[in-house]
Amino acid sequence: MKPIIYQVFTRLFGNKNTTCKENGSYEENGCGKMNDFDEKTLNHIKEMGVTHVWYTGIIRHASQTDYSSYGIPTQHVEVVKGKAGSPYAITDYYDIDPDLAVDVDKRMEEFEALIQRTHKAGLKVIMDFVPNHVAREYHSVCKPKGVKDLGELDDTTKHFDPQNNFYYLWGQPLDISSIHHAASGEKEGRYQEKPAKATGNDQFSNHPNQNDWYETVKLNYGIDYCDAGGRSEHFYPIPDTWLKMTDILLFWARKGIDGFRCDMAEMVPAAFWHWATDKVKFAYPDIKFIGEVYNPAEYRNYIHAGFDWLYDKVGMYDCIRDVICGRRRTGDITYKWQETDDIREHMLYFLENHDEQRIASDFFAGEGIKAFPGLIVSVLMQTNPFMIYAGEEFGERGMDKEGFSGKDGRTTIFDYWCVDSIRRGFFDRKQMTAEAKQLEGLYKYVLNLANAEKALREGDFFDLMYMNQHIADKQYAFMRQADNENMLIIVNFAGEPVTCDIVIPQHAIDYFGIQKRDYEVLDLLSNERFQTGVYGEHAIKIDIAPYAARIFKMKL
């Protein structure tokens, strides 16, 4: 089974409040709930061809919304980004975000019920694990009995100690006066932190700036980044942070989840991952670890450390985005898959996620349909997993100015908001545009096709571009085969129709054991049938519409 991951930003997904006031509060703009993922909604997701749902933003994080009446500590507004806050500024690793619960006191029970509903729908559950940093005011009120809080036993007189959970800046107070919205905290006094802790993006200064992850603090895994002799590692005895974070992973694994998407995994040493994933997988052998790793030189280290799938962002994503935008030739796709061919099963392809700009935004392609050839390549070229971001299938533009998140082509992760394309697509389908319905239909067909056809699900792959350099600017062609079924797939990234002469090289004919004769071919996208000959080094003439594809299936 080819994994198809559907990322949902849980806070936004089910919100039907269309007020959409810029910088609006929870009361003004509303908030989606875990209970919005009911049987009907989960079946809708399943019918799209999805195998896993990544519920983003489940663990309690810093927010400007006051839940103190429920025993939840309030957060100082100067160290919270946006009214709703970032889901990557965790305030309690053992708690559920109260925004997502209908009954705040039963928020954990609601999450456990969500896991059960998701499994009942035939889907697997992925949740975030944020290991590199926490919110500045991290304090667990839900930790199990006997568990010590992060930083509780730290020696704050030391910049670095292998058994400290945080890094401290020699008694200096935190200075966030240069951050332009810090004045919003004047009514409750300035935020105080002394000694200052190092900031989450490896900023070892007491005055982070606007572009730093100033709302977070860096966790200490036993690496002294400011050692006089340069960076030094102190992994024996096992650092206390290793023990605490592994216990957190096991806590959530016991809830019955199926995988962790690990935020900024490469900012945490591979040695920790090797140690932690070994313990988690020993207890839960089927659990998956997805790593946000951006440095291709580190891919194999993190796979060796226990990661099942890694973001292929700077490789395949950046390449296909540039092809869609006309900045690269399609021939470059070949080089990108070749760079990771030895670890191909571990590479997670995608065209959108919460960090990236929406395809249909003014900053990317402007229309969702322009990325359809990229979807075909990303989903059908290999057997590795693929991920989509909720709203992508409807052509969500991400062009709202929500509050802390400006008009940048991304869907906010900091604000309370209603994503209109998702609201219509899941909860008010009569209001969907014809374009959204068409795009959704294409996504649904392709994602289901990836597992319905054995040749696409688990078959062998052959890149045809070395014999088809004449189309290597805007078109891309490859073959897949399993048993006696062969697929020839050609995509057109151009905005105009083309007629391509596709050469099937002798090497491909030998590799797949194709007999040189005429075949009846079925185009799985148009349902068109025709006869063609495969005779080796002989061009097959194929017409392709703009931003389209041909998926030819033939029995050998």
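We're numbering straight along the sequence, starting at 1.
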Next item on the list: May I ask you to establish whether Lys81 and Tyr214 are in a cation-pi arrangement, using a distance under 6.0 Å from NZ or CZ to the six-membered ring centre and at most 45° from the ring axis?
Entry: yes
Margin query: Would Arg321 and Phe364 count as a cation-pi pair here, with the cationic atom under 6.0 angstrom from the ring centre and within 45° of the axis?
Written below: yes
Going by atom types alone, do [X] and [Y] pair a side-chain donor with an acceptor below 3.5 Å?
X	Y	value
Tyr55	Thr118	yes
Ser63	Gln75	no
Asn132	Tyr88	no
Arg11	His61	yes
Ser405	Arg410	no
Asp99	Tyr416	yes
His354	Gln7	yes

Item checked: Steps toward side-chain contact (heavy atoms from CB on, under 4.5 Å) verdict (Thr41, Phe13) -> CA-CA 11 Å; Thr41 300; Phe13 183 91; 3.7 Å; yes
Compare all side-chain heavy atoms of [X] with those of [Y] and state whether any distance is below 4.5 angstrom.
X	Y	value
Phe461	Trp337	yes
Gln64	Val77	yes
Ile422	Glu396	no

Check: With a cut-off of 6.0 Å (strictly less than), are more than 12 heavy atoms of other residues, nucleotides or ligands near NZ of Lys401?
Finding: no
Note to self: Other residues, nucleotides and ligands only: do more than 12 of their heavy atoms fall within 6.0 Å of NZ on Lys313?
What the structure shows: yes
Check: Is the Phe426-His44 ring centre distance short of 6.0 angstrom?
Finding: yes
Check: Ring centres of Phe386 and Tyr349 under 6.0 Å apart?
Finding: no
Note to self: Would Tyr93 and Tyr138 count as a ring-ring contact (aromatic ring centres under 6.0 Å, His included) here? Give the steps.
What the structure shows: CA-CA 9 Å; Tyr93 278 117; Tyr138 182 92; 5.6 Å; yes
Next item on the list: Report the C-alpha distance between Glu266 and Tyr311 in whole Å, list the side-chain angles of each, state the deciding distance to 0.1 Å, and finish with yes or no for side-chain hydrogen bond (donor to acceptor under 3.5 Å, both in side chains).
Entry: CA-CA 11 Å; Glu266 70 178 300; Tyr311 276 35; over 6 Å; no
Next item on the list: Apply side-chain hydrogen bond (donor to acceptor under 3.5 Å, both in side chains) to the pair Asp240 and Asn165, showing each step before the final yes or no.
Entry: CA-CA 7 Å; Asp240 183 69; Asn165 298 137; 3.0 Å; yes
Checklist line | Trace of the side-chain hydrogen bond (donor to acceptor under 3.5 Å, both in side chains) decision for Glu392 with Tyr443 | finding: CA-CA 9 Å; Glu392 177 183 342; Tyr443 267 79; 2.7 Å; yes
Note to self: Nearest 0.5 Å, please: how far is CZ in Arg397 from CD1 in Ile359?
What the structure shows: 12.5 Å
Item checked: Tyr94, Phe37, Trp252 screened by ring-ring contact (aromatic ring centres under 6.0 Å, His included) with Phe111, the one that passes -> Trp252
Next item on the list: Name all pairs fulfilling the side chain to side chain donor-acceptor pair (under 3.5 Å) condition that reach into residues 273-291, sequence neighbours left out, sorted by first residue then second.
Entry: Lys281-Asp308
